[in-house]
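What follows is one structure encoded as structure tokens, with my remarks underneath.
Naming convention: chains lettered A, B, ... in sequence-line order (proteins, then strands); numbering from 1 in each chain. What you see is a predicted model, and the numbers here were worked out from it, not measured in a lab.
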Amino acid sequence: GYSVAEIYKALGYTVHKVQIINDRGIHICKSMAAWKLFGNGETPASTGLKGDKLVGKYYVEFDKNFKAQCKELEAKGLSKEEAEKQAPIMKLAVQMLQQWEQKDAEILKLWNAMNSWVYAGFDATYKRMGVDFEKLYYESNTYLLGKEEVLRGVEQGVFFKKEDGSVWVDLTADGLDQKVLLRSDGTSVYMTQDIGTAILRFRDFPKIEGQVYTVGNEQEYHFKVLFLILAKLGYPWANKCYHLSYGMVDLPTGKMKSREGTVVDADDLMDEMVEEAAKQTRELGKIDEMTEQEVNHLAEMIGLGALKFFLLKVDPKKRMMFDPAESIQLQGHTGPFIQYTHARIKSILRKAESLNIKPEVGDLKKVNSLEPSEREVIFKINQYTTKLQEAGREYSPAIVANYAYDLAKEYNQFYQAIPIFNEADPIKLKFRIAFSQVTANTIEKAMAVLGIHVPERM
RNA sequence: GGUCUCAUAGCUCAACUGGAUAGAGCAGCUGCCUUCUAAGCAGCAGGUUGCUGGUUCGACUCCAGCUGGGAUCACCA
């Protein structure tokens, strides 16, 4: 999603990158409940853990205890549903949610503390990845507007109220079901909040034409419903909202489940990749004239480049297999392959400069006398804009990623086939240096769209 | 069960939206560093594009059916 925003920026659009933060609801309360029971007052400061990790730990802790308690209750003869309701730890979480909605001071304090830990943790991770958002939306704020809108919808007759007080939308005419928008006790659901968030965004950024939601494909139904609701409420931009539904990531060991803690941790992954990059850089003996700081900087660039490229090279709409062992690869169809090509070109450009050879495109009629490998590279360079447009149309950074790879691949073939500085003809020599420079620039641009930096040497 | 979605080399992925001999990487095998960085290049091997039909001059691509994965259909988020 982030890279799609960068694609549109590169195409000249104005883009606002925003994020919704789900800071409301039972899932936070689960962590809170487990922390209260087993936390012994732990904080990120006291444990040295990142805030999001600490809260995540108690989310897993909750699930563990919850399951154990359910099992116990089921052994006593309760049904599964009954046991899930009666489990003491779940009762505590539900109670906390109610207290939160009633603005209970003590609960709000704990909620504030744990949320701030999570955000601080996320911030650190985003910062390292080079991801930033212009504005964050908090569900705990936006649900109120959503509620207003739903009630307005009832007045206008696009939604209806049942006897128990719950509010519904009827989407059977659109081939869908009836969906609840407000619970019988008047509290809001996930959908309510998203209605508010959407409207708020169009108020905050009046000039935008539409919105792209980058959310996993398990929420396809949700967004289908959301956009229909927005249309029913009379918002003309409703049909300019698009759900970029990305496929889930599978691990060789099975599915990722946050509740069970079987997720690949982004921070750990980045550490591993950077470490591997540093190791290989040292083994290849490329750090001769580099300071320790420069080596670390390079390793960070390569490690993160490898990771980002690995994730972005496949079509986001499809389900992908993420094999950590394979992602750590720095050869072949990878980010470092492209970074390496860039570094080599830079090396050529430095040499040309030291020899005082100026890049010059010269007479374009020479195109006919081009070597095949030269023609391939130039052909590829010229595809950049087309590919970028295609990527925008398809909402697919993979198109940019594979373009950058293809360009690097073509250039490497030329590089191998024709040693530039052996060329006696100065016109050809200058021309080759010129399109080498353009290649490097194009690689840099394409990679920048993906949030990947390219080094001067590696 | 309804709806949606996916299936391409041993593995991970491409294929300009219906065009020529389906391409890369990894893994395996062979070569290439006294020449701009070998994180590279060249080559070998690997395919009845899940199956069966249909439309078309032409199908990985479109349609139907089947098989097998996945998602979703909560007063969860």
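- OP1 or OP2 of U37(B) lies within a sub-4.0 Å distance of a side-chain N or O belonging to Ser347(A).
- Nucleotides U8(B) and C44(B) place their P atoms 25 Å apart, quoted to the nearest Å.
- Under 4.0 angstrom from either OP1 or OP2 of A42(B) there lies no side-chain N or O belonging to Gln416(A).
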- prompt: With the sugar-phosphate defined as primed atoms, P, OP1 and OP2, and the base as all remaining atoms, what B/S/- string results for nucleotides 7-15 of chain B, 5' to 3', for protein heavy atoms under 4.0 Å?
  reply: S----SSS-
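- Dashed line: the shortest gap from a side-chain N or O of Arg183(A) to OP1 or OP2 of A74(B) is not under 4.0 Å.
- Using the six-membered ring where Trp is involved, Phe62(A) and Phe66(A) have ring planes that are parallel, under 30° apart on the 30 and 60° scheme.
- A close approach under 4.0 Å does not occur between any side-chain nitrogen or oxygen of Asn22(A) and OP1 or OP2 of A77(B).
- Shown here are the ring-ring contact (aromatic ring centres under 6.0 Å, His included) partners of Phe379(A), two or more places apart in sequence or in another chain: there are none.
- At the heavy-atom level, Thr187(A) lies nowhere under 4.0 Å from the strands shown.
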- prompt: Dot-bracket, RNA chain B: Watson-Crick or G-U, under 3.5 angstrom, [ ] crossing, | other strand?
  reply: (((((((..((((.....[...)))).(((((.......))))).....(((((..]....))))))))))))....
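- Among the nucleotides C41(B), A71(B), A77(B), the one closest to the side chain of Glu139(A) is A77(B).
- At C41(B), one or more side-chain N or O atoms of Lys409(A) fall inside 4.0 Å of OP1 or OP2 (strictly under the cut-off).
- Taking the six-membered ring where the residue is Trp, the centroids of Phe223(A) and Tyr242(A) are separated by 6.0 Å or more.
- Closest to the side chain of Tyr415(A), out of U35(B), C36(B), C76(B), is C36(B).
- The phosphate of U72(B) has neither OP1 nor OP2 within less than 4.0 Å of any side-chain N or O from Tyr221(A).
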